[in-house]
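The structure that follows is given in the form of structure tokens.
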Amino acid sequence: QVQLVESGGGSVQAGGSLRLSCAASGGTLSTYFIAWFRQAPGKEREQVARISTTGGTTDYASSVKGRFIVSRDNAKNTVYLQMNSLKHEDTAVYYCAASNVYSYRDYLYQIWGQGTQVTVSS
């Protein structure tokens with residue numbers, strides 16, 4: 001069973017950048033569609049980006065489009081989320097998740113990481 005581990009979170013000032021990584025163990029990530037979700041305190045979980053198995057197709061939430069870039073390196077069994085021009089409202093716990101379908105619906109993602117905290121100070 002594939003397990004996912006996120007890393008790269010931390011604290012940054014508004015306008016700064018962070019790169020999150022989602023590393024897989026126990027199996028190959030290349031057959032899964034991967035999405036990044038986030039959840040801020042008191043808010044619903046939202047998908048911010050997703051990427052197809054080959055990396056050829058990506059989609060973004062309108063709130064992050066133009067600032068975040070999702071990519072993957074299947075040889076390294078890792079997916080990345082480059083976050084630029086960070087805003088205070090990007091503060092949340094970020095999760096990566098794997099699915100057999102390419103979807104914005106979180107319940108279709110079967111495998112989840114434990115999450116990594118991103119805090120953006122204004």
Original post:
Under 4.5 Å between any side-chain heavy atoms of Val2 and Leu4, yes or no?
Top reply: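 Answer yes - side chains close enough.
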Subject >> Backbone of Tyr95 reached by a side-chain donor or acceptor of Arg45 within 3.5 Å >> reply: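 Not confirmed, Arg45 side chain does not pair with Tyr95 backbone.
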Original post:
Taking Arg72 for the side chain and Ser52 for the main chain, is one N or O donor matched with an acceptor at less than 3.5 Å?
Top reply: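 Judged by distance alone, yes, a pair lies under 3.5 Å.
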Original post:
Can you list every pair that meets ring pair (Phe, Tyr, Trp, His ring centres under 6.0 Å) and has a residue in residues 44-84, with sequence neighbours left out?
Top reply: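 Not a single pair qualifies under ring pair (Phe, Tyr, Trp, His ring centres under 6.0 Å).
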Subject >> Side chain proximity check, Glu46 to Ser63, heavy atoms < 4.5 angstrom >> reply: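 When only atoms from C-beta onward are counted, Ser63 and Glu46 do touch, with a gap below 4.5 Å.
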Subject >> Under 3.5 Å: donor-acceptor pair, side chain of Asp73, backbone of Thr78 >> reply: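 The answer is no, because no donor-acceptor pair under 3.5 Å joins these two groups.
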Subject >> Working for side-chain contact (heavy atoms from CB on, under 4.5 Å), residues Ser99 and Arg50 >> reply: CA-CA 10 Å; Ser99 174; Arg50 62 183 182 269; over 6 Å; no
**OP:** Say whether, by atom type as modelled, one donor and one acceptor occur between the side chain of Arg67 and the main chain of Ser85 under 3.5 angstrom.
**Re:**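 Yes; judged by distance alone, with no hydrogens or angles, the pair exists.
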**OP:** Show your working on side-chain contact (heavy atoms from CB on, under 4.5 Å) between Tyr32 and Asn100 and close with a plain yes or no.
**Re:** CA-CA 5 Å; Tyr32 291 96; Asn100 295 122; 3.8 Å; yes
Name the atoms and distances for all side-chain donor-acceptor pairs under 3.5 Å in residues 11-25, with sequence neighbours left out.
unit_1 : atom_1 : unit_2 : atom_2 : d
Ser17  : OG     : Asn84  : OD1    : 3.0

Original post:
Of Asp90, Leu86, Thr91, which is the lone residue that meets side-chain contact (heavy atoms from CB on, under 4.5 Å) with His88?
Top reply: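 With His88 as partner, side-chain contact (heavy atoms from CB on, under 4.5 Å) holds for just one option, Thr91.
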Original post:
Just by modelled atom types, is the Gln114 backbone N or O under 3.5 Å from a matching donor or acceptor in the Glu6 side chain?
Top reply: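 Judged by distance alone, yes, a pair lies under 3.5 Å.
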**OP:** Evaluate the criterion side-chain contact (heavy atoms from CB on, under 4.5 Å) for residue pair Arg38 and Leu81; output intermediate values, then yes/no.
**Re:** CA-CA 12 Å; Arg38 68 184 181 188; Leu81 185 67; over 6 Å; no
**OP:** Go through the steps for Gln1 and Ile111 under the test side-chain contact (heavy atoms from CB on, under 4.5 Å), then give the verdict.
**Re:** CA-CA 9 Å; Gln1 174 73 353; Ile111 305 169; 3.7 Å; yes
**OP:** Run through the side-chain heavy atoms of Ile, Leu, Val, Met, Phe, Trp and Tyr, join any pair under 4.5 Å, and report what else lands in Phe33's cluster.
**Re:**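 Listed partners: Tyr102.
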Original post:
Parallel, tilted or perpendicular for Phe37 and Tyr109, by the 30°/60° rule?
Top reply: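 Rings of Phe37 and Tyr109: perpendicular, over 60°.
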